[in-house]
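Notes to accompany the following structure.
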Amino acid sequence: MTVLDEKLEPIFNQVLQRNAGELEFHQAVKEVFESLGAVIAKHPSYAEGGLIERICEPERQIIFRVPWIDDTGHVQINRGFRVEFSSALGPFKGGLRFHPSVYLGIIKFLGFEQIFKNALTGMPIGGGKGGSDFDPKGRSDGEIMRFCQSFMTELYRHLGEHTDVPAGDIGVGQREIGYMFGQYKRITNRYEAGVLTGKGLTWGGSQVRTEATGYGTVFFVHEMLKTRNQGFDGKKVSVSGSGNVAIYTIEKVQELGGKVITCSDSDGYVLDEDGIDLALIKEIKEVRRGRISDYATEKTGVKYFPKGCIWDVPCQIALPSATQNELNGRDARELIKNGVIAIGEGANMPCTSDAAHLFIAAGALFGPGKAVNAGGVATSALEMQQNASRDSWSFDSTEHRLAEIMKGIHDRCRATAEEYGAPGNYVTGANIAGFIRVAEAMRALGVIWSPALRQEPCSHQALWPKR
Ligand code: GLU
C-alpha cells in the first residue's frame, strides 16, 4: 500500500472527516492521492492555493425527493441525486445510475472519477454524476416512465447544454433517457438535444454511443497488449456483467479474435467454453430484459453458477464490467495464479485497491476504469458536437474517432507514467495526466474573490480578522 505524501495526508484526513461514511468516495480519492505525490515532488505549486482541496469538494450537490405512483396505485418515494463536481473543463458531464445501492457516497465516487476520466479524453467536459436508489428490476415500462418523469421534474432546472449534461449508467439506457428527455422538453418547451446524451438514433443520438464504452474498453486493452507485442487473437477472455458495457465488450473482443467464456448478472455467472453466443445474450438482455440464467437454459453445454466467483475461471484477459469492488484481493491472486496477463476495468472502480496493487506488482497490464472505460463519455462528447452543429455522422467515422481517442488516452497515460518515474503503471499515468489538465484549468479560472470587499469593508466584515 502506498504511503501518502506528507502534504496530501492532512487533505485526505479532511476528506474523511467531511464526508463521513462515504467509503467508496474515500477509496476513489485515496487512489488518486497515491499517484499525486510524484506530481507535488516535481511541481510543489500544485499543493498550493487550496487546489487539491477544491478538487475534492463538489461545486454543487443536489439531493431531492422523487415521488411516483406504481402500477398498484401506491405512492413510492425515492431519493434523487446530482453531484456537480467540477466545471473547470466544460459543463458538468456524467451519467445517471438507478440502483438500490445508490447513496451519496456512490454518486460522489463516480463524480470524482468522472472529473479525471473526462479530462483524459482531452475533450471540453467537466465532471458530474447523478442517480437514484430506485430499483428498476421487475418494474413495468409504465412505472419506469413515471419514475423518469418525476425524476426529471426536479432535475430539469439544474440542467442545460452549457450547464450540466447527464447520460446513462447502470439502470439507465436509451429508454430511460427518452422518457427523461421527453419530460425535459415538455417542461421547458425547448428541443434542446444537447442536454442529455445517449439518446435514440432517430431523435438526436449518435452512432456508436451504445457500443462506445465496451468498444473503447477493448481498444484500450488492445493498445496495452500491443506494448508487449500481443493481441486478443486466440486469447481466453473473462467478462463480468451483461449490461451495455459487457455486451459490446464481448462483441469487439470477438471481432478481434478473442474468445469470451463468461458473463454474469447480479444472480450468478455463466461459463461457456465454446465462446459466448452474442446474439443470444443480446436477445435475452436487450430485447427480453431477462436474466443471465436463461442463457444456460437455452444453450447446451453452458454451466450456470448462481454462487461462486467468476474470477476463479482461468483466463488470460479479465475485463470486469459489472460494478464497483466486484474483484477483490483474493480474486486478483487467483487470476494471477491462473496466468492473467491483462486486466481492463470496463466498469467504474471494479477492482478493490488491494486487487489493483496486486496486479501491478505481479507485472500484469492493468488499465484503470477512468482511462479504459472513457470511450462512453468521449462518444457522449461527440454526440454533443453533432447536436451543436445539427449534424449526424456515420457509424464508421464515429467509430474511427473513438478508436483515435482511446489510443490518445492510452498513449497519454503511458507517457505520463514514464515521465513521473512509474513506467508501465497506467494508474499513475491516468491520475496524473487527468489531474494536471484539470488543475491547470482551475488555476487559469481563478478563485472567487472580490477586491472591493477588501477595500471598503462593511461593518459586518470589520468583525472578521483581516487577511
Ligand atoms: N456513465 C458513463 C461513465 O461512467 C457515461 C457518462 C456519459 O456519457 O456522460 O462514464
Side-chain angles (χ1 to χ4, degrees), residues 24 28 81-87 89-99 102 106-132 155 159-161 163-174 176-177 180-181 193-200 204-217 220 241 243-249 320-324 344-350 367-387 398 401-402 405-406 409 430 434:
E24 297 81 2
F81 301 90
R82 186 72 183 165
V83 173
E84 299 183 332
F85 229 116
S86 167
S87 62
L89 291 171
F92 303 105
K93 182 84 197 86
L96 299 170
R97 175 176 293 193
F98 293 169
H99 193 270
V102 164
I106 294 270
I107 300 297
K108 273 162 76 175
F109 116 66
L110 290 164
F112 185 74
E113 288 257 306
Q114 201 84 42
I115 307 173
F116 304 96
K117 184 195 300 194
N118 295 4
L120 276 173
T121 66
M123 299 167 105
I125 39 178
K129 203 85 186 191
S132 173
L155 190 63
L159 307 183
E161 62 179 320
T163 309
D164 185 352
V165 184
D169 196 83
I170 294 174
V172 178
Q174 217 173 79
E176 291 73 18
I177 294 292
M180 286 191 268
F181 184 69
V195 78
L196 284 169
T197 61
K199 299 181 290 297
S206 171
Q207 295 283 358
V208 194
R209 178 62 192 87
T210 307
E211 296 83 357
T213 313
Y215 280 16
T217 294
F220 190 98
N244 168 268
V245 180
I247 287 177
Y248 293 96
T249 294
S321 309
T323 194
Q324 67 276 351
E345 293 190 316
N348 291 312
M349 210 169 73
K370 60 171 78 70
V372 171
N373 71 44
V377 75
T379 308
S380 277
L382 299 180
E383 183 172 330
M384 290 161 77
Q385 279 183 35
Q386 292 168 78
N387 294 151
T398 315
R401 290 283 297 270
L402 171 64
I405 292 167
M406 295 314 297
I409 298 173

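As the structure is a prediction and not an experimental result, all values here were calculated from the model. Remember, it's 1-based here, ligands and their atoms both numbered in the order they're listed.
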Got the closest protein heavy atom to atom 6 (C) of ligand 1, with its distance?
Gly95 N, 3.5 Å
Is the closest side-chain heavy-atom distance between Gln114 and Asp169 below 4.5 Å?
no
Applying side chain to side chain donor-acceptor pair (under 3.5 Å) to Gln386 and Ser206, what does each step give before you reach the verdict?
CA-CA 8 Å; Gln386 292 168 78; Ser206 171; 2.9 Å; yes
Show which atoms of ligand 1 fall inside a sub-4.0 Å distance from at least one heavy-atom site of Ala167.
7 (C), 8 (O), 9 (O)
I'd like to know whether ligand 1 has Gly168 as a neighbour, heavy-atom separation below 4.0 Å.
yes
As a test of understanding, state which of Asn118, Thr121, Thr197 forms a side chain to side chain donor-acceptor pair (under 3.5 Å) with Lys93.
Thr197
So do the side chains of Leu382 and Val208 get within less than 4.5 Å of each other, counting heavy atoms only?
no
Does Lys129 reach ligand 1, in the sense of a heavy atom lying below 4.0 Å from it?
yes
Within the 4.0 Å heavy-atom shell around Lys117, which atoms of ligand 1 are there?
3 (C), 4 (O), 10 (O)
Close side-chain approach of His99 and Ile106, heavy atoms under 4.5 Å:
no
With distance as the sole test, does Glu345 use its side chain to make a donor-acceptor pair with the main-chain N or O of Lys370 at under 3.5 Å?
no
Is a side-chain N or O of Asn373 found less than 3.5 angstrom from the main chain of Gly346, in a donor-acceptor match?
yes
Using distance alone, determine whether Pro166 and ligand 1 share an N or O pair under 3.5 Å.
no
At under 4.0 Å between heavy atoms, is it the side chain or the backbone of Arg97 that contacts ligand 1, or both, or neither?
neither
Under-4.0 Å heavy-atom contact with ligand 1, by part of Arg209 that carries it
side chain
Heavy atom under 4.0 Å from ligand 1: found in Thr379's side chain, backbone, both, or neither?
neither
Would Asn373 count as being in polar contact with ligand 1, using the rule that some N or O on each side must be under 3.5 angstrom apart?
no
Can you give me the closest heavy-atom contact between Pro320 and Gly344, atom names plus distance?
CD-O, 3.3 Å
If we number the atoms of ligand 1 from 1 as shown, the ones under 4.0 Å from a heavy atom of Ser380 are 7 (C), 8 (O), 9 (O)
Considering only the protein, which heavy-atom contact is closest to atom 9 (O) of ligand 1, and what is its distance?
Lys93 NZ, 2.7 Å
